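These notes concern the structure reproduced below.
First listed ligand is number 1; within each ligand, the first listed atom is number 1. These figures come from a predicted structure and were not determined experimentally.
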Amino acid sequence: MTINFATPSITNKEINNVTKVLNSGWLTTGSQTKNLESLINQYIGSEFCLCLNSCTSALHLALICAGIKAGDEVITTPFTFVSTINTILYLRAKPVFVDIKPQDFVIDEDKIESKITKKTKAILPVHYAGFSANLDKLSLLCKKYNLTLIEDAAHAFGSKYRNRFIGRSSRFCCFSFYPTKNITTGEGGALVTNDENVYKKALSLSLHGINKGNAWKRYSTTGSWKYDVDKLGFKYNMTDLQATLGIAQLGRINILKRRRDIIYQLYKEGLSEIKGIEILSGNAYSFPFRHLFVIKIKSKKIKRDDFIEIMKKKNIVCSVHFIPVYKFTLYKELLVKNSEFPNCETAYKDCLSLPFNAVMGIKETWQVIKVIKNIFKSKN
Ligand SMILES: Cc1ncc(COP(=O)(O)O)c(C=O)c1O
């Protein structure tokens with residue numbers, strides 16, 4: 001039997017919710033989407049939440065609402081998924097990379113200041129695997145240089161920075177509900193903000209730039225067919241089918257978190273004695289909703305790529321988060337020098353993510369641990 005990397009946890013609750021919406025006569029953005037937005041606000045303690053069709057859309061809208069324009073510079077990490085960078089490039093702005101820290105693979109806040117220029121307009125950290133960026137230090141830098149903080153929290157729904165949920169007091173915080181994420185809506189994401197104007201603008205931009213807040217109601221008795229379009233928008237709205245899935249997931253979030261915590265603890269106990277493996281430790285100010293279980297292969301006897309291949313032959317699917325974005329052909333024109341990012345290079349050489357999700361059983365987790373122990377035994 002294959003041990004998958006990230007299977008979503010779907011119960012009768014999710015299936016019943018989706019069936020109800022399918023039978024309701026209203027499939028796209030509607031009451032379920034608005035309901036999910038309120039529930040997210042209640043859970044995180046945030047003021048405004050806009051559910052969208054992806055985190056990529058949330059990042060794009062956040063950058064627009066932050067006023068990022070062609071030629072502006074946005075400081076970010078190269079150790080991320082391409083969405084973070086692409087959304088900057090959509091606006092013809094320039095991503096400026098800063099290395100990560102080896103303990104949490106999050107942007108190194110102490111290396112940012114030297115990269116700030118007159119063109120810098122924003123800092124865009126990525127909370128990695130549930131570990132938070134150092135939000136206090138980043139906020140101070142933003143204040144000092146009049147920059148906007150935009151958080152890529154694709155990995156961090158339900159995680160805390162110190163004692164507050166990520167997104168709680170953010171102006172721009174973007175979550176992903178992709179199927180591998182902590183909770184899923186199939187595909188989906190959300191922009192969470194404490195600024196009503198940001199919410200209103202992003203809402204309009206998410207539906208073609210239609211300037212009525214309730215554009216999604218235009219086919220119902222409580223809405224109106226009359227509307228105006230006053231800006232060039234996109235088609236980024238979430239559907240009620242997606243939202244109702246998210247409502248079921250959010251209702252089970254404590255169970256989903258607990259399961260991940262149990263698997264995390266088992267892995268930690270089972271793997272910590274193996275010489276040649278280091279578990280990504282995180283930082284003191286994060287209270288993560290654990291999204292990935294990341295290890296580093298620190299052995300002369302086996303390389304990361306060979307390790308992944310052996311695991312695959314044993315029907316265990318691993319992954320790598322991330323390939324530093326400057327290695328992709330598309331970004332070659334940014335002329336980034338690998339040597340500027342030693343921690344990123346080492347992380348990429350050594351790291352991998354083990355199967356980790358809320359449906360894994362204890363038996364499967366032990367199976368993964370056993371296979372890893374055997375790999376290292378046979379190499380000694
Ligand atoms: C760090 C990071 N940012 C952004 C995204 C994009 O999320 P989505 O697929 O919801 O657009 C991902 C997706 O995996 C991600 O890992």
### Query
With a 3.5 Å cut-off and no angle check, do the side chains of Tyr199 and Glu47 form a donor-acceptor pair?
no
### Message
Return the closest protein heavy atom for atom 6 (C) of ligand 1 as residue, atom name and distance.
### Response
Ser83 OG, 3.2 Å
## Note on the structure
Note: Lys115 and Val98 closest approach over all heavy atoms is CG-CG2, 3.7 Å
### Taking atom 11 (O) of ligand 1 as the reference point, the nearest protein heavy atom with its distance
Thr56 OG1, 2.5 Å
### Gly188 touching ligand 1 at heavy-atom level, < 4.0 angstrom
yes
### Query
For ligand 1, which part of Ala154 has a heavy atom less than 4.0 Å away: the side chain, the backbone, both, or neither?
side chain
#### Entry: Salt-bridge contact Asp110-Lys137 (side-chain N to carboxylate O under 4.0 Å)
yes
### Query
Going by atom types only, do Gln249 and Glu14 share a side-chain donor-acceptor pair under 3.5 Å?
yes
### Task
Check Asp152 against ligand 1 and report side chain, backbone, both or neither, counting heavy atoms closer than 4.0 Å.
side chain
### Summary
Sequence neighbours excluded, the answer for side-chain contact (heavy atoms from CB on, under 4.5 Å) partners of Ile255 is Arg259
### Query
Taking atom 16 (O) of ligand 1 as the point of reference, which of His60, His155, His127 owns the nearest heavy atom?
His155
### Query
In terms of atom number and element, which parts of ligand 1 are under 4.0 angstrom from non-hydrogen atoms of Phe81?
2 (C), 5 (C), 12 (C), 13 (C), 15 (C), 16 (O)
### Query
How far is atom 9 (O) of ligand 1 from its nearest protein heavy atom, and which residue and atom is that?
Tyr178 CD1, 4.0 Å
### Task
Show the numbers, then the answer: is there a side-chain hydrogen bond (donor to acceptor under 3.5 Å, both in side chains) between Tyr331 and Asn86?
CA-CA 10 Å; Tyr331 311 115; Asn86 286 353; 2.5 Å; yes
### Message
Show me which atoms of ligand 1 lie under 4.0 Å from any heavy atom of Val126.
### Response
1 (C)
### Atom indices of ligand 1, in the order listed, that fall short of 4.0 Å to a heavy atom of Thr80
1 (C)
#### Entry: Close approach, Phe322 and ligand 1, non-hydrogen under 4.0 angstrom
yes
### Salt bridge present between Asp104 and Lys101 (N-O < 4.0 angstrom)
yes
### Query
Any N or O of Ser176 that comes nearer than 3.5 Å to an N or O of ligand 1?
yes
### Task
For atom 14 (O) of ligand 1, grab the closest protein heavy atom and report residue, atom and distance to one decimal in Å.
Lys181 NZ, 2.7 Å
## Note on the structure
min-distance protein heavy atom vs atom 7 (O) of ligand 1 -> Cys55 CB, 3.3 Å
### Message
Please check whether Glu187 reaches ligand 1 - meaning an N/O of the residue sits under 3.5 Å from an N/O of the ligand, judged on distance alone.
### Response
no
### Query
Has His321 got any heavy atom lying under 4.0 angstrom from an atom of ligand 1?
no
#### Entry: Side-chain H-bond candidate by donor/acceptor type, His127 with Tyr161, under 3.5 Å
no
### Contacts of type side-chain contact (heavy atoms from CB on, under 4.5 Å), residue Ser31, not counting sequence neighbours
Asp240
### Task
Report the relative orientation of the aromatic rings in His291 and His155; use parallel for angles under 30°, tilted for 30 to 60°, perpendicular for over 60°.
tilted
